[in-house]
Amino acid sequence: MSTSGWEQMAAWWDEKMGDTGDLWHRALIDPPLIRLAGAVKGIRMLDLACGNGYLSRRFARQGATVIGVDANAPIIERARAREAQNPLGIVYHVADATHLSMLEEGMFDLVICNMALMDIEHADGAIQEVARLLRSQGRFVASLSHPCFDKMDTSGWDIEYMYPVTTIWRKMSRYREIATAQVPWKTASTVYTNTYHRPLSWYFRVLRANDLLVSAFEEPEPTEELVANSQQGPWLAEIPLHCVIEAWKIKREA
Ligand SMILES: C[S@@+](CC[C@H](N)C(=O)[O-])C[C@H]1O[C@@H](n2cnc3c(N)ncnc32)[C@H](O)[C@@H]1O
């Protein structure tokens, strides 16, 4: 596991996400994730790879009992500082998503994982832990980079203006390849984090192998706010760079 890039930019990330998430999250990724999470009052939930915990806080304010986990100690320090300042009863752990032995089997009604599965080196191990931690009929809701359209290094936009029509193309190559790449983040200096591409079928196969039955698949559409305020907004209205998966923990007949 390498989360050193994430550690290096913890302060920057905390400021960027703040208490509500940045525009990209607020106006694109979060709405379908929140919709699929549904009513959370009174439920026990895990925010896996929670970052600075802005979603943990959102769900705790709505009445969920929330535990947040991230492998990046400095970002968890910041999440805890926010909790100390404004207590919501959220408990945070520094832990690798594949080894959550401090959490009990079947203890959660809902596990969310916002934009992190593609950043987790052993996402199959993380999904196995999710399945262990969910009660039967519990749900897993995860947003991630869309494997079909967003692969670092080998996908990109192609905007073709041929009067009078503009055509938005999204290029992709080596889709089937399971590959590691680095994501550059423009902080004061450029910081790199690892990302891991797997085809969409890989996720479905791993979920199924862990008794997690896919029940919804969303491809976030930008809100008017994002279309107006991001160069990529109008392009994202045509082609999604993210997806959100909901899966139910089923109980197999013995
Ligand atoms: C793109 S950020 C998303 C953070 C948060 N969910 C959000 O929406 O703001 C990805 C997060 O995954 C965490 N991460 C990467 N690998 C991990 C692992 N093996 N176990 C736990 N967390 C991990 C990083 O530390 C980082 O906070």
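When a ligand or atom number is given, it counts from 1 through the structure's own listing order. Numbers here are sequence positions counted from 1.
Heavy atoms of Cys113 found under 4.0 angstrom from ligand 1: none, in either backbone or side chain. When heavy-atom distances to ligand 1 are checked against a 4.0 Å cut-off, Cys50 comes that close only through its backbone atoms N, CA, C and O.
A distance of 10.0 Å separates OG1 of Thr20 from CG of Leu55, quoted to the nearest 0.5 Å. Separating the CE atom in Met9 from the CG atom in Asp14 is a distance of 12.5 Å, to the nearest 0.5 Å. Rounded to the nearest 0.5 angstrom, Glu83 CD and Ile90 CD1 are separated by 5.0 Å. Taking CZ of Arg135 as the reference point, atom CD1 of Ile43 lies at 8.5 Å (rounded to 0.5 Å).
Set against the non-hydrogen atoms of Ala95, the atoms of ligand 1 under 4.0 Å away are 20 (N), 21 (C). Applying the 4.0 Å criterion to heavy atoms of Asp119 picks out, from ligand 1, the atoms 1 (C), 10 (C), 15 (C), 16 (N). Atoms of ligand 1 found under 4.0 Å from any heavy atom of Asp96, numbered from 1 in the order shown, are 19 (N), 20 (N). Taking every heavy atom of Asn114 and a limit of under 4.0 angstrom, the matching atoms of ligand 1 come to 3 (C), 5 (C), 6 (N), 8 (O).
Here the rule is side-chain hydrogen bond (donor to acceptor under 3.5 Å, both in side chains) with Tyr54, and of Asn114, Asp19, Asp47 only Asn114 fits it.
Close N/O approach between Asp47 and ligand 1 is not found [any backbone or side-chain N/O within under 3.5 Å]. Taking distance alone, with nitrogen or oxygen atoms compared against 3.5 Å, Ala71 approaches ligand 1 more closely than that limit. For ligand 1, the polar-atom distance check finds no N/O of Ile75 at less than 3.5 Å from any of the ligand's N/O atoms. Between Ala49 and ligand 1, an N or O atom pair is found at a separation short of 3.5 Å.
The closest approach between a heavy atom of Ser143 and any atom of ligand 1 is not below 4.0 Å. A heavy-atom separation below 4.0 Å is not found between Glu121 and ligand 1.
Taking Arg78 as the reference, nothing meets the salt bridge (Lys or Arg N to Asp or Glu O under 4.0 Å) condition, with sequence neighbours excluded.
For the residue pair Trp185/Thr193, the side-chain donor-acceptor check at 3.5 Å is satisfied.
There is no path of hydrophobic side-chain contacts, each under 4.5 Å, that joins Leu226 to Ile34.
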